[in-house]
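Working notes, structure below.
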Amino acid sequence: MTVPTISTRGVGKRYGRRWGLRDCTLDIEAGRVVGLVGPNGAGKSTLLSLLVGLLRPTEGSVEILGAPAGWGSVAYLDQRHALYESFRVRDMIEAGARLNERWFPEVAFERLQDLGISLEHKVGNLSGGQRAQVALALALAKRPDLLVLDEPVASLDPLARRDLMGTLMEVKSEWDCTVVLSSHVVSELERLCDYLVVLDEGTLRYAGDIDELLDSHGRQRSLEELILSFLDAGELARSEVTA
Ligand SMILES: Nc1ncnc2c1ncn2[C@@H]1O[C@H](COP(=O)(O)OP(=O)(O)OP(=O)(O)O)[C@@H](O)[C@H]1O
């Protein structure tokens, strides 16, 4: 049996007295593009941080390609696209070689050249969309087995969103990494993703193949409607508990 890229078992994270995520069990096979959705505070960033080893679970376990989270070939991009303002784009790419064991600078150089982003630009002078593209190119230069993106398009205008999603689609057609991205924009997820994970109030509401989900409702309901129904079901379950 092949090892799933992502395997979590009853994973939970508590912040003080409050659980950010609880009892989350997932098996996600290699090559999937996973859309992670849920309202504010649902636990999306918590789950993503657990997957990349930035947070340690309070309970349960997380394995990436059979090894504990934090090891292996994983790239993580958050919505702040943290970069060194005073560096030129070229310097950022070259600095990556000193920080990463696996580093393929040509991947970043080629992608940015294709996008018309000059390597000589200072990072501090880039637009929001260009910064996002540079941050993504740096993540891709690791040629990761797992690419994790926390709301990568949240701060971008519609054109920059489209460009970034286009880059992700190209990446998927070029090599077979597994991608997990969270977003509030369901239409964008639908174009890119083949697997859906829905969280609400720190609880897993749904995990499964998107086509199978749409087929199981005879393609009569949109993905957005189905996601809302998972969230409403949670609302119903909570009101039954508290009634
Ligand atoms: N460092 C922290 N300290 C205390 N509580 C936290 C911390 N980080 C997250 N939480 C809480 O855990 C819960 C889940 O937060 P998380 O950031 O994972 O949600 P999210 O789905 O990513 O939300 P958003 O869409 O608003 O970014 C929330 O109730 C949040 O307040």
Side-chain angles (χ1 to χ4, degrees), residues 6-26 28 32-64 68-70 74-82 128 131-132 135-136 139 146-158 160-161 164-165 168 178-190 192-193 195-208 210 223-239 241-242:
I6 297 170
S7 176
T8 70
R9 290 288 168 274
V11 75
K13 173 68 193 170
R14 194 175 58 205
Y15 299 105
R17 293 170 57 190
R18 202 190 157 100
W19 289 90
L21 182 73
R22 196 105 208 240
D23 195 22
C24 178
T25 294
L26 288 170
I28 295 172
R32 286 288 195 178
V33 186
V34 182
L36 173 60
V37 297
N40 290 125
K44 302 182 296 297
S45 298
T46 300
L47 175 59
L48 297 182
S49 298
L50 288 164
L51 295 184
V52 298
L54 282 175
L55 285 177
R56 289 169 67 86
T58 311
E59 61 181 20
S61 62
V62 180
E63 287 194 347
I64 304 300
V74 177
Y76 172 67
L77 187 64
D78 73 12
Q79 53 188 296
R80 289 167 297 150
H81 307 130
R131 288 175 74 99
L136 179 58
L146 174 63
L147 175 62
V148 176
L149 306 119
D150 192 354
E151 297 195 36
V153 296
S155 59
L156 304 183
D157 68 41
R161 279 180 179 192
L164 197 80
M165 287 310 219
L168 277 174
T178 307
V179 180
V180 183
L181 76 155
S182 65
S183 179
H184 290 280
V185 188
V186 174
S187 57
E188 271 152 5
L189 291 180
E190 201 168 357
L192 185 65
C193 301
Y195 196 92
L196 176 71
V197 173
V198 182
L199 288 178
D200 185 25
E201 298 219 326
T203 302
L204 183 65
R205 298 264 177 245
Y206 180 80
I210 291 181
L223 189 61
E224 190 151 18
E225 283 171 338
L226 290 167
I227 290 169
L228 285 173
S229 73
F230 295 129
L231 300 177
D232 287 346
E235 201 56 58
L236 191 66
R238 280 198 296 281
S239 64
V241 169
T242 51

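Whatever order the structure lists them in is the order used to number ligands and atoms, beginning at 1. Below, all heavy atoms of this structure are taken into account, side chains as well, without hydrogens, waters or symmetry copies.
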As a check for students: among L21, L36, N40, identify the option with a heavy atom nearest to atom 24 (P) of ligand 1. N40

Check each of V148, V34, V33, L36 against L181 using the side-chain contact (heavy atoms from CB on, under 4.5 Å) test, and report the only one that passes. V33

Around atom 25 (O) of ligand 1, find the nearest protein heavy atom and jot down its residue, atom name and distance. K44 NZ, 2.7 Å

Would you call E59-R22 a salt bridge at under 4.0 Å N-O? yes

Does an N or O anywhere in G20 fall below 3.5 Å from an N or O of ligand 1? no

Of the listed options (K13, R14, R18), which comes nearest to atom 29 (O) of ligand 1 when hydrogens are ignored and any heavy atom counts? R18

Students should be able to answer this: which protein heavy-atom is nearest to atom 14 (C) of ligand 1, and at what distance? G41 O, 3.4 Å

Once rounded to the nearest 0.5 Å, what's the spacing between atom OG1 of T203 and atom CG of L21? 8.0 Å

Is the closest N or O pair between W19 and ligand 1 shorter than 3.5 Å? no

If I compare all heavy atoms of L26 with all of R9, which pair ends up nearest, and what's the gap? O-NH1, 3.6 Å

Among S49, S183, S182, which one satisfies side-chain hydrogen bond (donor to acceptor under 3.5 Å, both in side chains) with D150? S182

Quick note on ligand 1: atoms under 4.0 Å from a heavy atom of P39 include exactly 21 (O)

shortest atom 19 (O) of ligand 1-to-protein heavy-atom contact is with G43 N, 3.2 Å

In ligand 1, which numbered atoms sit nearer than 4.0 Å to a non-hydrogen atom of E151? 25 (O), 27 (O)

Would you mind telling me which of L51, V197, V62 makes a side-chain contact (heavy atoms from CB on, under 4.5 Å) with I6? L51

Within the structure, does at least one protein heavy atom fall under 4.0 Å of atom 21 (O) of ligand 1? yes

S45: numbered ligand 1 atoms lying under 4.0 Å from its heavy atoms: 17 (O), 18 (O), 20 (P), 22 (O)

What heavy-atom pair brings R161 and V153 nearest, and what distance separates the two atoms? NE-O, 3.4 Å

List every atom of ligand 1 that sits less than 4.0 Å from any heavy atom of A42, numbering the atoms from 1 in the order shown and giving each element. 19 (O), 20 (P), 21 (O)

If you scan protein heavy atoms around atom 15 (O) of ligand 1, the nearest is T46 OG1, 3.9 Å

If you measure from each heavy atom of G38 to ligand 1, is any distance below 4.0 Å? no

Please report the shortest heavy-atom distance between R205 and F230, naming the atom on each side. CD-O, 3.5 Å

Provide the number and element of each atom of ligand 1 under 4.0 Å from a heavy atom of H184. 25 (O)

Determine the minimum heavy-atom distance between V11 and S61, stating which atoms define it. CB-O, 3.9 Å

Nearest non-hydrogen protein atom, atom 4 (C) of ligand 1: Y15 CB, 3.4 Å

So, for A135 and L77, which heavy atoms are closest and what is the spacing to 0.1 Å? CB-CD1, 3.3 Å

